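For reference, the structure discussed in these notes is given below.
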There are 2 protein chains.
Amino acid sequence: MVEKLIQHIQSIVPIDEEEVEIIRELVKEKNVPRKRFLHQAGEVASYSAFVVEGCLRSYTVDQDGFEHIVQFAPENWWISDMYSLVKNKPSELNIDALLESKVLLLSRTCQVSIFDRIPKLERYFRILSENALAASNQRTINYLSLTAKLRYEKFCDLYPTLIHTIPQKSIASYIGITPEFLSKLRAERN
Amino acid sequence: MVEKLIQHIQSIVPIDEEEVEIIRELVKEKNVPRKRFLHQAGEVASYSAFVVEGCLRSYTVDQDGFEHIVQFAPENWWISDMYSLVKNKPSELNIDALLESKVLLLSRTCQVSIFDRIPKLERYFRILSENALAASNQRTINYLSLTAKLRYEKFCDLYPTLIHTIPQKSIASYIGITPEFLSKLRAERN
DNA sequence: TGAAATTCTTAATGTAGGTTAAGAAAATAT
DNA sequence: ATATTTTCTTAACCTACATTAAGAATTTCA
């Protein structure tokens, strides 16, 4: 399982065998059954998770009980409650598995303490954060400038595999519309 | 001018005098008159800017000619077209000055090449990216779960100084509503 | 395999926020 | 100081998307 993470790191910052060994000992494997929480609103987050298999999501629940999905994490993606991790405070984010999943857990403490020994890892995470920020900004632009229909089409382009593996209502939640309205949009497209 | 940046870096990762000297030589000072572009859609971004004084913004222009603001950068903030910087491709972002401003420019090439010599700088930018990502996710949540009125109130809490220094229509653009509707919301509040 | 739970669809009705337009106020330039 | 441009406000009307409800399809699990 750890091999998948090592490969991912290698694809971004080449690391040597010694460093690989250290990383191998840093992470914990974990199976996450469908619907099982990895993190719940109100807790202080202390781990990031790398998805080896399956798909997780992070989301908030508003006052009316509606879920709003912040992130999907299919294979090879990291997921965490970055706000809680960084501020060391509880936040409103939940993280759970949409599909039966396998993840690697890395504690924040381990993560930041290893950076002095393996600066390449700090580079790896800097690059990931920069990419995630660019993607998040793009998502904001989509909200500000596109109709629901166009946001759905962009979503399909961006996550082609997810369309068939996760419930439609989760897609609706991510693009910011109701499942009923998504259903209507899909009907229009034939 | 550079002192302001040094102070900001020191507040996040303590650096020694030698490192300070290197940084001092890395950045270029620049005055940016109101409305002057720092970056235009279609160009490949090659600089990040640290705002010493004034306020910049990044935004897109949609097919109907409407502007959508992605980021405000008041004093002590960095602003860039992260997508373009990271992918080395042109994007749809413009960056210009909302107020008469002074910035420090750091080229991406300088930035990434200095990380091997000053790992603390890579840490500084990793931390900034993580914070920006957490903030961007929070903004996404606000979109998904709040009404325009509540988004406006959150904006006022988050950027109390901006409310009186930048045009209202810019705030409307940032929170994703028309200036007319913002005007209406404000009238309701007395 | 079959009952229960979850998800998806359709359709009627409702509303937050958009559009258009025109005048008032404020900022900027001459 | 005055003319010009930009921004803000108000109000009537409009629309994209939400809400509600109920049945159909699919998935889950005993």
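Order of the sequence lines fixes the chain letters, A, B, ..., with proteins taken first and strands second; residue numbering starts at 1 for each chain. For clarity, every value in this text was computed on a predicted model and none was experimentally measured.
Screening residues 5-38 of chain A for ring pair (Phe, Tyr, Trp, His ring centres under 6.0 Å), with sequence neighbours left out, gives His8(A)-Phe50(A), His8(A)-Tyr124(A).
The closest side-chain heavy-atom distance from Phe66(A) to Val61(A) is not below 4.5 Å. Annotation: side chain of Asn137(A) is in contact with side chain of Leu133(A) (closest heavy-atom distance under 4.5 Å). Inter-residue side-chain proximity for Phe155(A) and Asn142(A) is flagged as unmet; no heavy-atom pair is nearer than 4.5 Å.
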Next on the checklist: Return a single string for nucleotides 23-30 of chain D, one symbol per nucleotide in 5' to 3' order, where B is base contact, S is sugar-phosphate-only contact and - is none, cutoff 4.0 angstrom on heavy atoms.
Outcome noted: -----S--
Checklist outcome for this item: Per-nucleotide protein contact along nucleotides 10-23 of chain C, 5' to 3', at a 4.0 Å heavy-atom cut-off (B base, S sugar-phosphate only, - neither), is B------BSBBB--
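Judged as a side chain to side chain contact (heavy atoms under 4.5 Å, CB included), and not counting sequence neighbours, Ser113(B) has no contacts. Contacts of Lys35(A) classified as side chain to side chain contact (heavy atoms under 4.5 Å, CB included), with partners at least two apart in sequence or in another chain: none. For Arg139(B), the salt bridge (Lys or Arg N to Asp or Glu O under 4.0 Å) criterion is met by no residue, not counting sequence neighbours. Partners of Lys4(A) by salt bridge (Lys or Arg N to Asp or Glu O under 4.0 Å), not counting sequence neighbours, listed by chain and number: Glu75(A).
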Enumerate donor-acceptor pairs with a distance under 3.5 Å from any side-chain N or O in residues 160-170 of chain B to protein atoms, sequence neighbours excluded.
residue, atom, partner, partner atom, Å
Thr165(B), OG1, Thr161(B), O, 3.2
Thr165(B), OG1, Leu162(B), O, 3.3
Gln168(B), OE1, Arg186(B), NE, 3.3

With a 3.5 Å cut-off and sequence neighbours excluded, list the donor-acceptor pairs that the side chains of residues 99-108 of chain B form with protein atoms.
residue, atom, partner, partner atom, Å
Ser101(B), OG, Cys55(B), N, 3.0
Ser101(B), OG, Leu99(B), O, 2.6
Ser107(B), OG, Cys110(B), N, 3.0
Arg108(B), NH1, Glu130(A), OE2, 3.3
Arg108(B), NH1, Gln111(B), OE1, 3.1
Arg108(B), NH2, Glu130(A), OE1, 2.8

Quiz: residues 83-94 of chain B side-chain donor-acceptor pairs under 3.5 angstrom, not counting sequence neighbours:
residue, atom, partner, partner atom, Å
Ser84(B), OG, Ala45(B), N, 2.7
Ser84(B), OG, Lys89(B), O, 2.6
Ser91(B), OG, Asp81(B), OD1, 3.4
Ser91(B), OG, Asp81(B), OD2, 2.4
Ser91(B), OG, Leu93(B), N, 3.2
Asn94(B), OD1, Ala41(B), N, 3.0

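When the P atom of dA16(D) is taken as reference, atom OH of Tyr143(A) falls 18 Å away, rounded to whole Å. Arg36(B) places its CZ atom 16 Å from the P atom of dT28(C), with the value rounded to the nearest Å.
In this structure, CZ on Arg36(A) lies 10.0 Å from CG on Leu38(A), to the nearest 0.5 angstrom.
Remark: aromatic rings of Trp77(A) and Phe72(A) are distant, center separation not under 6.0 Å.
DNA chain C lies under 4.0 Å from no heavy atom of any residue of residues 159-171 of chain B.
Where the helix from dT1(C)-dA30(D) to dT30(C)-dA1(D) starts and where it ends, the local axes point in directions that differ by 60°; five pairs per end, rounded to 10°.
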